[in-house]
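Note sheet for the following structure.
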Amino acid sequence: DGGITQSPKYLFRKEGQNVTLSCEQNLNHDAMYWYRQDPGQGLRLIYYSQIVNDFQKGDIAEGYSVSREKKESFPLTVTSAQKNPTAFYLCASSIGWRDEAFFGQGTRLTVV
Amino acid sequence: AQSVTQLDSHVSVSEGTPVLLRCNYSSSYSPSLFWYVQHPNKGLQLLLKYTSAATLVKGINGFEAEFKKSETSFHLTKPSAHMSDAAEYFCVVTGDRDDKIIFGKGTRLHILP
């Protein structure tokens, strides 16, 4: 079945550690996105990529980094520079920038 | 620049009564508009989309939305609410290539028995 897979579903890390969230899609989509969701704030765009080996900062990119070495994969690293990393992270992909997005099931990151 | 405003952060309706979730947008270009639904601790699922074809768009689970350019609105409706409709709903706009996909802040729908 085609889809978008995020792993792990739950992640716990100590403060000061970097952590990488996985996102893989087998939909052959060019565009991929990372969003952060906090209660009452909707979804905020962290990074997006419209093509392999290229990505752009979203609205809240500080403290995060990404790579897009393969079309299928768009991992997100939450660095120790991110002041408040505890959140629900959603990855999405779409055929193009103007098309509907397909979402993964999310990763809930808790930093203690 | 684009923006989207969901006018209500919470909506409560009784089971079997109509649902109205309001969304207003602004866009410099012909927008594409979407409604997504999110159940607790889950990803988002597309309910319906408008991409400049028919202004009345039918989606899954009995939902529909009407694109009204003169009012810059894209409200989501359903004739009769079901308990399973309780979730958070997001209105989304996308337009020119240089603009990002913009999410509204969400409306949480509560269904009263």
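In what follows, every chain begins at residue 1, and chains take the letters A, B, ... in the order their sequences are listed.
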Exercise for the section: Go through A:Tyr35, A:Phe102, A:Tyr33 and name the one with the most non-hydrogen pairs under 4.5 angstrom from chain B. Expected result: A:Tyr35
Problem - chain B contact via A:Leu43 - side chain, backbone, both or neither, heavy atoms under 4.5 Å - result: both
Problem - B:Val13-B:Met83 co-clustered via ILVMFWY side chain contacts under 4.5 Å - result: yes
Handout entry: Joint cluster assignment, B:Ile60 & B:Val19, ILVMFWY side-chain distance < 4.5 Å
Key = yes
Practice task
Check each atom of B:Leu44 against the heavy atoms of chain A and say whether the ones under 4.5 Å are side chain, backbone, both or neither.
Solution key: both
Problem - Contacting moiety of B:Gln45, where chain A heavy atoms sit under 4.5 Å - result: neither
Fill in the blank from the handout: Counting heavy-atom pairs under 4.5 Å with chain B, the top scorer among A:Ala101, A:Ala92, A:Gly106 is A:Ala101
Exercise for the section: Say whether A:Ile46 and A:Tyr48 are linked into one hydrophobic cluster, either directly or through other cluster members, by side-chain heavy-atom distances under 4.5 angstrom. Expected result: no
Handout entry: Separation of A:Glu100 CD from B:Thr51 OG1 (nearest 0.5 Å)
Key = 8.5 Å
Problem - Enclosure of B:Leu7 CG (heavy-atom neighbours >12, cutoff 6.0 Å) - result: yes
Problem - Test item: A:Phe103 and B:Lys42 side chains (from C-beta on) under 4.5 Å apart, heavy atoms - result: no
Practice task
Select one option (side chain, backbone, both, neither) describing which atoms of A:Gln41 are under 4.5 Å from chain B's heavy atoms.
Solution key: backbone
Fill in the blank from the handout: Cut-off 4.5 Å, heavy atoms of chain B, and the answer for A:Arg108 is side chain
Practice task
Any chance you could measure A:Asp59, atom CG, to B:Ile102, atom CD1, to the nearest 0.5 Å?
Solution key: 6.5 Å
Exercise for the section: Treat each ILVMFWY residue as a node, draw an edge where side-chain heavy atoms are under 4.5 Å apart, and state whether A:Tyr89 and A:Tyr47 are in one component. Expected result: yes
Handout entry: A:Lys71 NZ: over 12 foreign heavy atoms closer than 6.0 Å
Key = yes
Fill in the blank from the handout: Turns out that what part of A:Gln37 lies under 4.5 Å from chain B's heavy atoms comes down to side chain
Exercise for the section: Following the transitive rule for hydrophobic clusters with a side-chain heavy-atom cut-off under 4.5 Å over Ile, Leu, Val, Met, Phe, Trp and Tyr, establish whether A:Val52 and A:Ile4 coincide in one cluster. Expected result: no
